[in-house]
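Chain identifiers are assigned alphabetically (A, B, ...) following the order of the sequence lines, protein sequences preceding nucleic acid strands; residue numbering begins at 1 within each chain. This is a predicted model, so every value here is computed, not measured.
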2 protein chains.
Amino acid sequence: MPDIKHFNPDVVLDDVVRVFWRQGMPTTGIQALVTATGVSRSSLYATFGNKDGLYAAALSRYIEQHSTPAFAQLSAAPSGLTSIEEFFAGLIHIRCHGEIAGWGCMVTNAHAGPECSDPTIRTLLDEHHRTLESALRAALATASHLGQLRPSVDLDTAAAVLATLAYGVNLRSRAGAEAETLTATVSAALAPLRARHRATPQEESPT
Amino acid sequence: MPDIKHFNPDVVLDDVVRVFWRQGMPTTGIQALVTATGVSRSSLYATFGNKDGLYAAALSRYIEQHSTPAFAQLSAAPSGLTSIEEFFAGLIHIRCHGEIAGWGCMVTNAHAGPECSDPTIRTLLDEHHRTLESALRAALATASHLGQLRPSVDLDTAAAVLATLAYGVNLRSRAGAEAETLTATVSAALAPLRARHRATPQEESPT
DNA sequence: CCTATCTCGGAACGGTCATTCCAAGATAGG
DNA sequence: CCTATCTTGGAATGACCGTTCCGAGATAGG
């Protein structure tokens, strides 16, 4: 009987994500979202409740579309430290070049705004953080099996260091940090994890 | 001849800092600042120009009052790696305990907001970053002279890693990260810098 | 075709935003 | 004391905020 929705909420959400991502939550008005999506106020409110719900849905969509695929790829990557280097190289490239350069990471940005007081948002941030850490941990485990790591490296804390570093990279990219600088920094953070010389995989290296 | 200002701008600015720090720039209205400072709109505008000028002055004051002293102490600290550990321990404690727990760092927060597009703010952020890096570099140089560092450690990039990590710590503290977790992360980042055993410094030091 | 039920566009609402303006108060040289 | 000059408190302004409401349009079962 009833009428059916005239738009695809996920597609609309992709537009909403871009606006919130670029401008931040408090700076973005509903009118800007109406303009960006082409969907009227009524429909946005009917679908997402209110601005907070809209932002929460957008952040969730961002994680699903941008973070999760990258983390999954990192988790499953077979080349250990090289995969981690590639992960950071891709991250830095996207933060510093192209259309969305200077936008930073929407999740990282959410940490610094008032939205992170919201329990719903807080949950998304924590889940994102855990997922990032375990993806890094998985890649480090692969590296360990490949004999790329010093035996002294603790996988959990090393993953925590790299995850925390990633937030710093995202943040500094917003202030115009140079890609080369960020790359050098990441490289310096990875260097001490690396086994001194080539090691025979599966069996560990001397000392 | 003229009347004289009835308040001390720096004292007022300290109140303004607290509001901007806790609530962020876009979320804070002028009325909130009038209430917090006890100074009327007219006087705030006459003294600081507009909201952007007020925020810029507050951020500058924050750096002067909070960042600079901590960085100066770190720069001049005599105990090398121990001083760096103490710097991070103090940072984490202030971020996670007491009245201002969960506020994060005002400079770190400024990175993620729309205010970092403002050239004036951008300059403050860059200067803050350079100062933080060189303070860490100075402390690392001290550690190096004390023989606490592996010879392979590059002071500049190691300082960059630790500075970037500090931003991550500040960010995650806002989302309720536990102090112990952050401490363990920092500790894991410092561990690989440390010389394997006690080394004989050029001047030896006990411990 | 008819009608119940939902969606949609846009107007309308009260509140708050940053900013300006003005009259009253304070100051200090004459 | 007088007055020129600045500061101050508070009202006024126009724009925009998030949200609600309503009439019109679309849909699909009967």
Taking atom [atom2] of [N] as reference, at what distance in whole Å does atom [atom1] of [X] sit?
X     : N      : atom1 : atom2 : result
B:N50 : C:dC17 : CG    : C1'   : 14 Å
B:Q31 : C:dG15 : CD    : C1'   : 13 Å
B:N8  : D:dT7  : CG    : C1'   : 16 Å
A:K51 : D:dT20 : NZ    : P     : 15 Å
A:L54 : D:dG18 : CG    : C1'   : 12 Å

> Could you state the interatomic distance from OG1 (A:T120) to OH (A:Y55), rounded to the nearest 0.5 Å?
Replying inline: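 Answer rounded to 0.5 Å: 12.0 Å.
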> Which base sits across from C:dG30 as a Watson-Crick or G-U pair, both distances under 3.5 Å?
Replying inline: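 WC or wobble partner is D:dC1.
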>> Going by purine N1 to pyrimidine N3 plus the second Watson-Crick contact, or the G-U wobble pair, all under 3.5 Å, which nucleotide sits opposite C:dA11?
In response: D:dT20
Ignoring hydrogens and angles, tell me if any N or O in the side chain of [X] forms a donor-acceptor pair with the backbone of [Y] under 3.5 Å.
X      : Y      : result
B:N109 : B:W103 : yes
B:R174 : A:H111 : yes
B:T142 : B:A138 : yes
B:T47  : B:L44  : no

>> Does this structure show an ion pair linking A:R122 with A:E127, if we count only N-O contacts that are shorter than 4.0 Å?
In response: no
>> Checking contacts here: which listed nucleotide (D:dG18, C:dA18, D:dC17) is nearest the side-chain heavy atoms of B:I30?
In response: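 In terms of side-chain proximity for B:I30, the closest of D:dG18, C:dA18, D:dC17 is C:dA18.
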> When every nucleotide of nucleotides 8-14 of chain C is labelled 5' to 3' by its protein contacts under 4.0 Å (heavy atoms), B for base, S for sugar-phosphate only, - for none, what sequence of letters results?
Replying inline: SBBB---
>> Regarding A:T27, tell me which of base, sugar-phosphate or nothing describes its non-hydrogen contacts under 4.0 Å with the strands shown.
In response: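 No contact.
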